[in-house]
Amino acid sequence: MFQIAGCSLWLSLLLLALVRGGNSELFHHRLTIFAEAGRMECYHQPVAATEIIILEYQVIYGGQGEAHINFNLMDPHRKLLASDHKLQSNKYRMDANETGIYTLCFDNTISTFNQKIVVFNLEIAAANHEELERQALIKEMTTDYHFDRTYTHMHDYITKIEVNIMRARQTQDYIRTLEARDRKLAESSFTMVNSWSCAQFIAMIIVGMLQVFMLRSIFNTDGRFYKLWKKF
């Protein structure tokens with residue numbers, strides 16, 4: 001049974017490597033998670049060798065405590081690749097040295113009562129086969145200087161456009177993260193204001209009733225409170 005499960009895992013990883021080998025585009029995961037107090041939330045992502053792992057996270061809500069969390073990134077052999085202790089945000093970019101299941105863990109055991117809300121972006125970039133092919137083509141075309149120069153300029157323009165698009169997407173993700181944090185803060189403030197308003201309203205009613213009762217007891221000569229007030 002364990003041999004069958006192991007073969008299935010390696011077959012999945014092999015298919016993953018074959019599929020990604022022909023696709024140089026980036027794919028992107030953006031998740032918002034709730035890290036409960038005293039618990040560790042872990043996520044597993046298959047990554048092929050030579051692929052690039054791009055990770056960015058931010059704690060947008062920390063309850064009544066600090067907005068920070070512990071973070072660990074481990075390779076398929078559970079070897080620690082990155083570790084953060086009580087940070088609100090951080091980002092990583094690294095190359096995968098081997099094919100397997102990489103583990104991301106957000107550790108909120110540092111909190112006893114406060115739930116944390118974390119937004120993280122995970123991108124897996126395929127190996128840059130296009131760059132290798134371009135360099136090989138330029139090497140073959142060294143005799144034709146005009147073609148070499150034109151091709152290089154076109155590729156530079158395309159690369160700049162791709163970089164600008166990635167920056168625009170990252171900016172949009174950052175703005176959405178700030179928007180989610182501000183919305184959560186506004187909802188928390190709204191709940192707190194409503195709670196205090198209800199408490200003050202109830203207190204006003206109790207104080208008003210107590211004042212009426214005390215005034216009536218003062219002018220009621222047959223009551224116990226009148227005799228008590230008269231003694232003082």
Side-chain angles (χ1 to χ4, degrees), residues 27-45 54-74 82-92 103-123 165-232:
F27 67 92
H28 176 227
H29 298 280
R30 183 176 187 271
L31 294 176
T32 301
I33 65 172
F34 295 83
E36 300 294 337
R39 295 186 58 183
M40 179 186 297
E41 302 291 339
C42 292
Y43 300 86
H44 307 279
Q45 176 64 39
I54 304 172
L55 173 70
E56 181 178 2
Y57 71 89
Q58 182 177 8
V59 182
I60 62 174
Y61 180 71
Q64 302 300 323
E66 297 291 336
H68 55 217
I69 200 167
N70 295 340
F71 171 75
N72 295 318
L73 174 61
M74 292 173 283
S83 179
D84 294 336
H85 180 66
K86 291 185 178 181
L87 290 184
Q88 182 177 6
S89 62
N90 204 353
K91 59 177 63 176
Y92 290 98
T103 305
L104 301 82
C105 291
F106 295 92
D107 183 8
N108 195 27
T109 55
I110 56 177
S111 298
T112 307
F113 304 104
N114 296 319
Q115 180 193 65
K116 307 290 177 63
I117 300 180
V118 184
V119 175
F120 74 92
N121 298 300
L122 177 63
E123 296 184 14
I165 292 175
M166 290 182 60
R167 288 177 178 175
R169 187 178 64 181
Q170 291 176 354
T171 302
Q172 291 176 350
D173 292 339
Y174 180 71
I175 292 174
R176 284 197 293 267
T177 301
L178 294 180
E179 180 183 358
R181 183 190 63 184
D182 294 339
R183 182 173 64 251
K184 186 63 180 179
L185 181 61
E187 292 176 354
S188 177
S189 301
F190 178 76
T191 303
M192 183 175 62
V193 169
N194 281 343
S195 299
W196 277 104
S197 298
C198 293
Q200 291 179 358
F201 180 72
I202 295 174
M204 290 174 59
I205 294 177
I206 294 175
V207 171
M209 294 177 62
L210 184 61
Q211 289 179 350
V212 172
F213 178 76
M214 293 179 66
L215 288 175
R216 291 184 60 182
S217 64
I218 291 174
F219 295 101
N220 185 7
T221 58
D222 297 330
R224 295 181 180 179
F225 285 96
Y226 177 79
K227 297 178 181 179
L228 182 63
W229 281 106
K230 190 174 181 180
K231 292 180 180 180
F232 288 101

Inset, instruction - Decide side-chain contact (heavy atoms from CB on, under 4.5 Å) for Trp196 and Phe201; before the verdict, give the C-alpha distance in whole Å, the side-chain angles of both, and the deciding distance to 0.1 Å. - result: CA-CA 8 Å; Trp196 277 104; Phe201 180 72; over 6 Å; no

Inset, instruction - Decide side-chain contact (heavy atoms from CB on, under 4.5 Å) for Met74 and Cys105; before the verdict, give the C-alpha distance in whole Å, the side-chain angles of both, and the deciding distance to 0.1 Å. - result: CA-CA 8 Å; Met74 292 173 283; Cys105 291; 3.9 Å; yes

Legend entry - Candidate pair Tyr57 and Asn121, rule side-chain contact (heavy atoms from CB on, under 4.5 Å), full reasoning: CA-CA 6 Å; Tyr57 71 89; Asn121 298 300; over 6 Å; no

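Separating the CD atom in Gln88 from the CD atom in Glu66 is a distance of 9.0 Å, to the nearest 0.5 Å. Rounded to the nearest 0.5 Å, atoms CD (Gln45) and CG (Leu55) are 10.5 Å apart. Once rounded to the nearest 0.5 Å, the distance linking CZ of Phe190 with OG of Ser195 reads 10.0 Å. The distance from the CZ atom of Arg39 to the OG1 atom of Thr109 is 12.0 Å, given to the nearest 0.5 Å. Residue Ile54 holds its CD1 atom at 10.5 Å from CD of Glu56, rounded to the nearest 0.5 Å. Of the inter-residue distances, the one linking Asn108 atom CG with Gln115 atom CD reads 8.5 Å to the nearest 0.5 angstrom.
Among Val119, Ile117, Val118, the one residue that satisfies the side chain to side chain contact (heavy atoms under 4.5 Å, CB included) test with Ile33 is Val118.
Checked by atom type and distance alone, the side chain of Lys116 pairs as donor or acceptor with a backbone atom of His68 at under 3.5 Å. Between the Asp107 side chain and the Asp84 main chain, no donor and acceptor come within less than 3.5 Å of each other.
Ala37 approaches Asn114 most closely through the heavy-atom pair CB-O, 3.5 Å. Across Lys86 and Asn70, no two heavy atoms sit closer than the pair N-OD1, 2.8 Å.
Using a 4.5 Å heavy-atom threshold, the side chains of Tyr92 and Phe71 count as touching.
The aromatic ring centroids of Phe106 and Phe120 lie less than 6.0 Å from each other.
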